[in-house]
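No hydrogens, no waters, no symmetry mates; every other heavy atom, side chains included, goes into these values. Since this is a predicted model, take the numbers as computed values, not measurements. For this chain, numbers begin at 1 and follow the sequence in order.
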Amino acid sequence: MIHHSLLKRRRWAKLFVISTLAAVLSACSSSSGGGSDNEQGAGNEEEVVEFKYPDNPGFDLVYLADQLGYFEGTSTRPKYVGKIAAPQIIPLVGTGDIDFGARMVPLVISAIASGADIKVVSAGGKTLEEAPHMKYFARNDGSIKTPKDLEGKTIGFNSFGACAEFVSKKWFKEQGVDVSKIEFLVVPDDKQEQTLEQGGIDLAIIHAPFSGKAEHNDKLVKLWSDYDLDGGLGGMAPYSVNGKFAKKHPEAVRDFVSAIAKTANWVNEHPEEAKQIIAERLGMDVKYIDRYAYVDDLIVTEEPIQYYIDILEENGKIPKGKVTVKDVYTNEFNEFATKPSV
């Protein structure tokens, strides 16, 4: 088990390394922006590429990899560019304003259908019964017990066009609900519990890690998780890269994918330690932190992608046949997927 003191020592060590590196780069009169190269020392062609990434609250492999030191010794480092609203992440990956983004498959599919140069390069979360991707909460007043009770009510979720919308609507329809009678309202995950409690919404669809705090709130009741809805098929939450960045810096993309894949495997093996790191990052009591489970080695599989292509086509969001599974992802940057069989 990684104890608090060890984590603290690692953080101080990492800060020392970063400070030292910054001093060396300054002395060499080198400068770096997102996606630019840093030459380290005269005659040394080794480069470090900074990738632009959101600094959002949440349970994220990039933050964990950075904290654990998995980017050290590689060709890339994160350059955090501030908080970015969830609905803007994939559009900004498409334009290159950020280089990587972690958002659900349907958003990537829709972006590709619109001509964006973007590609899924690693899998992400894996929905388990004990570690779902998202949970559904209502006030503990008995007003909502079944999906049918949602007609005439307001549902909060973190963005249109992603899992919370499509997985939910698909299941509601299967339960005989007229979804046209439901109002959907965008509310950030970290604001949903309070908004629900105060009556601004009637159902909150909350992702980890914030779903854990809501589950401890006696004024709320958990009704379902996405595992109950589709067995987790829609919960992969992959990482995508801007196409221009990938073409210019393929080694940096490989190192990025390797770092977060190793981190994902570490989280699966050390869920409590991972929760502690995120709790410290968010300033929350660790008992309130819900974790994610992750796809082994973050190798992308096709079934979750086809699941969302079918949903988007059925809902008229993309033309039928406009996007194929192969258009959406690649495992070429994942060392675990490309290792030869022994």
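Salt bridge absent: K119 and D327 never bring a charged side-chain N and a carboxylate O closer than 4.0 Å. Of the charged side-chain nitrogens involved, none lies within less than 4.0 Å of a carboxylate oxygen, so that K262 and D297 do not count as a salt-bridged pair. A salt bridge is absent between K83 and D55; no separation between the charged side-chain nitrogens and carboxylate oxygens falls under 4.0 Å. One finds no salt bridge joining R77 and E72 here, because no Lys/Arg side-chain nitrogen approaches an Asp/Glu carboxylate oxygen to under 4.0 Å.
Shown here is K153, whose NZ atom has more than 12 heavy atoms of other residues, nucleotides or ligands within 6.0 Å. In this structure, Q194 places its CD atom where only 12 or fewer heavy-atom neighbours from other residues, nucleotides or ligands lie under 6.0 Å away. When the shell of 6.0 Å around NZ of K169 is examined, it contains more than 12 heavy atoms from other residues, nucleotides or ligands.
Within the 4.5 Å cutoff, no side-chain heavy atoms of E130 are placed close to those of Y227. Contact of the Y307 side chain with the D230 side chain is registered, since non-hydrogen atoms from C-beta on lie closer than 4.5 Å. Side-chain contact between D226 and L233 is absent, with no heavy atoms from C-beta onward closer than 4.5 Å.
Here the two rings, on F51 and F71, have centers that are under 6.0 Å apart. A centroid separation of 6.0 Å or more is found between the aromatic rings of F256 and F333. Residues Y53 and F100 place their aromatic rings such that the two centres sit no closer than 6.0 Å.
Heavy-atom minimum distance, C163 versus M104: SG-CG, 3.4 Å. Between K173 and V179, the shortest heavy-atom distance links the atoms CE-CG2, 3.7 Å. The two residues S122 and P238 have their closest heavy-atom pair at O-CB, 3.1 Å. Nearest approach of G125 to V295, heavy atoms of both residues: O-CG2, 3.8 Å. L298 and N334 make their closest contact through O-ND2, 3.3 Å (heavy atoms, listed as atom of the first residue, atom of the second, distance). Closest approach of E165 and S159 over heavy atoms only: CB-O, 4.5 Å.
Using modelled atom types, one finds no donor on one side chain facing an acceptor on the other under 3.5 Å when comparing N217 with Y288.
Taking the centre and axis of the six-membered ring of F137, the NZ or CZ atom of K219 falls outside the cone set by 45° and 6.0 Å. Note that R281 lies in the cation-pi zone of Y63, set by a 6.0 Å cut-off to the ring centre and a 45° limit from the axis.
Here OH of Y308 is found 11.5 Å from OG of S110. Values are rounded to the nearest 0.5 Å. With values rounded to the nearest 0.5 angstrom, D202 atom CG is found 5.0 Å from R139 atom CZ. Taking CD1 of I278 as the reference point, atom OH of Y292 lies at 11.0 Å (rounded to 0.5 Å).
Below 30°, between 30° and 60°, or above 60°: for H249 and F245 the angle between ring planes is between 30° and 60°, a tilted geometry.
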